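Being a predicted model, the structure only gives us computed values, none of them experimental. The first residue of the sequence shown is numbered 1, and numbering continues consecutively from there.
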Amino acid sequence: MKFRWFSLGLALLVSAGAITTIGCTSPVDSPDEQAAGVVSLPLVTSAGGEFRLHNAVFAVHSTNGAHAATLDSESDPAAETLTATLFQGPYTVRLADGWELARIEPDGTESPVSAALLSPNPQAFEVNPSVTTELSFTFTTGQGAITLGDGSVGISFDVAPNEDRGQCNLVSSYDYNYCPSGQTCLLADSSGRTFCASPGSLPVGSPCTSDQCVAGAQCLKVDQANPEQGSCVKFCRVSGSAFGVNCLSLGLPDSDIGFEGPAPEGTCDLLTQTGCAEGEACQYTGGSFASCGQPGSTPPGGACSGETCGAGYQCYGGTCRKICDARTWYVGQPGCYYCDSVGTGNAGRCYN
């Protein structure tokens, strides 16, 4: 595993002034003149090393949900700052998933770096007359300290280590080591140290370059066949994984934390009876997965011992019972009025 972390602070500057309503020629003290402010977001650092934020889309909405502005870094790829003018009032700003952070090398080339968003997302702010408001989008990766901005801009990227971020639990949200509401627990390095950050919306299994995965997952390089490709993987406990979960150890010191890998070869789906060759049935004989085998001949409701039932039936409690969807407890069909969960995921057993 490769972990490279630093903290990058991206601040919004909101400075208020006055703007006259379009189409009006009212004097300055007219009630048609409304207070307004300028939202400014930097895209490039300048001190202690240079970094640029790419594919960054900031959506600004008023608190009633109305769209106020969209700031897109790719609308002008050479721009170093994004700005928008807003009328006085409360707003929220959200950084959409898909952003990329790159280090600008001395020769002008750029190298992508893995990063996580620490700040809440979205964030609330308010535009007020004669008041400057600053919001920070702070990222973390593994470099030293740099600062961007001076004078009237007043915006900074602050880079610092994340050792003081505390610890959290990667799997159990109710453990005493938990993250604030709206944040998720991430792995900081191969020592097993953790920290809290804002989750993204990339589903498990998605390719990724930075930590923009859904809560409970992280962008890690775990594919031995493609070691440079990151993907969103879900955390699990090797010692207590649920049915149908292939929890592969991450090899962390004194930890049974792993990630959910693909199902082992030879496994199948009990509920849909898929994954087996023609003439075979998906059966459960124990463990975390079902496997393929030859179906038996014991009729539905007949006495059984072992895998002697036909395809789509399971020997449970000494009787061949139909496999059903445990997510629907009351089925209401002859021979299957109730579907009881028996510890095999969504595949339950029928009862009258």
Treating Ile, Leu, Val, Met, Phe, Trp and Tyr as nodes and any side-chain heavy-atom pair under 4.5 angstrom as an edge, say whether [X] and [Y] lie in one connected cluster.
X    : Y    : value
I104 : W99  : yes
L82  : L101 : yes
V57  : L71  : no
V222 : F235 : yes
V245 : L250 : no

Measuring from atom [atom1] of [X] to atom [atom2] of [Y], what distance do you get when rounded to the nearest 0.5 angstrom?
X    : Y    : atom1 : atom2 : value
N169 : C185 : CG    : SG    : 6.5 Å
Q183 : C168 : CD    : SG    : 9.0 Å
C282 : L270 : SG    : CG    : 4.5 Å
D97  : S201 : CG    : OG    : 3.5 Å
R327 : S341 : CZ    : OG    : 11.0 Å
R94  : Q123 : CZ    : CD    : 11.0 Å

Measure across [X] and [Y] and return the closest heavy-atom pair with its distance rounded to 0.1 Å.
X    : Y    : value
A326 : G345 : CB-O, 4.3 Å
C208 : C213 : SG-SG, 4.3 Å
C309 : C315 : SG-N, 3.6 Å
P199 : A215 : CB-N, 3.7 Å
P253 : S191 : CD-O, 3.7 Å
S291 : T285 : OG-OG1, 4.3 Å

Just so I know, are the side chains of [X] and [Y] near enough to count as touching, which here means a heavy-atom distance under 4.5 Å?
X    : Y    : result
V93  : P122 : no
E260 : V233 : no
I257 : L187 : no
Y338 : C350 : no
K234 : F259 : no
E100 : L53  : no
Q212 : L117 : no
K322 : C324 : no

Backbone N/O of [Y] and side chain of [X]: donor-acceptor pair under 3.5 Å:
X    : Y    : value
S73  : A56  : yes
S288 : G244 : no
S255 : L252 : no
S249 : G258 : no
N346 : D325 : no
S198 : S119 : yes

Next on the checklist: Please evaluate residues D256 and S239 with respect to the criterion side chain to side chain donor-acceptor pair (under 3.5 Å), reporting the C-alpha separation (whole Å), side-chain torsions for both, the decisive distance (0.1 Å), and the verdict.
Outcome noted: CA-CA 6 Å; D256 69 342; S239 60; 2.4 Å; yes
Checklist entry - For Y351, is the NZ or CZ atom of R321 found under 6.0 angstrom from the centre of its six-membered ring and inside 45 degrees of the ring axis? => result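 R321 over Y351 ring: yes.
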Next on the checklist: Taking the basic N atoms (NZ, or NE/NH1/NH2) and the acidic carboxylate oxygens, is any pair closer than 4.0 Å for D340 and R349?
Outcome noted: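 Salt bridge flag = no for R349 with D340.
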Checklist entry - If you measure from the Lys or Arg side-chain nitrogens to the Asp or Glu carboxylate oxygens, is any gap between R103 and E110 under 4.0 Å? => result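 No, R103 and E110 are not salt-bridged.
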Next on the checklist: If we check side-chain contact (heavy atoms from CB on, under 4.5 Å) with Q294, which of these qualifies: Q283, E307, E280?
Outcome noted: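 Single side-chain contact (heavy atoms from CB on, under 4.5 Å) partner of Q294 among Q283, E307, E280: E280.
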Next on the checklist: Can you list everything that forms a ring-ring contact (aromatic ring centres under 6.0 Å, His included) with F243? Sequence neighbours excluded, please.
Outcome noted: Y284
Next on the checklist: Just to verify, what does Y91 make a ring-ring contact (aromatic ring centres under 6.0 Å, His included) with, not counting sequence neighbours?
Outcome noted: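 Result, ring-ring contact (aromatic ring centres under 6.0 Å, His included) vs Y91: F125.
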Next on the checklist: Would E105 and S111 count as a side-chain contact (heavy atoms from CB on, under 4.5 Å) here? Give the steps.
Outcome noted: CA-CA 7 Å; E105 306 294 352; S111 303; 2.8 Å; yes
Item to check | Sulfur-sulfur distance C236/C247 under 2.5 Å | outcome: yes
Checklist entry - SG of C268 to SG of C276, below 2.5 Å? => result no
Item to check | Residues F289, N246; criterion side-chain contact (heavy atoms from CB on, under 4.5 Å); working and verdict | outcome: CA-CA 9 Å; F289 290 90; N246 186 23; 3.7 Å; yes
Item to check | Sequence neighbours excluded - side-chain hydrogen bond (donor to acceptor under 3.5 Å, both in side chains) pairs with any residue from residues 58-68 | outcome: S62-N64, H67-T70
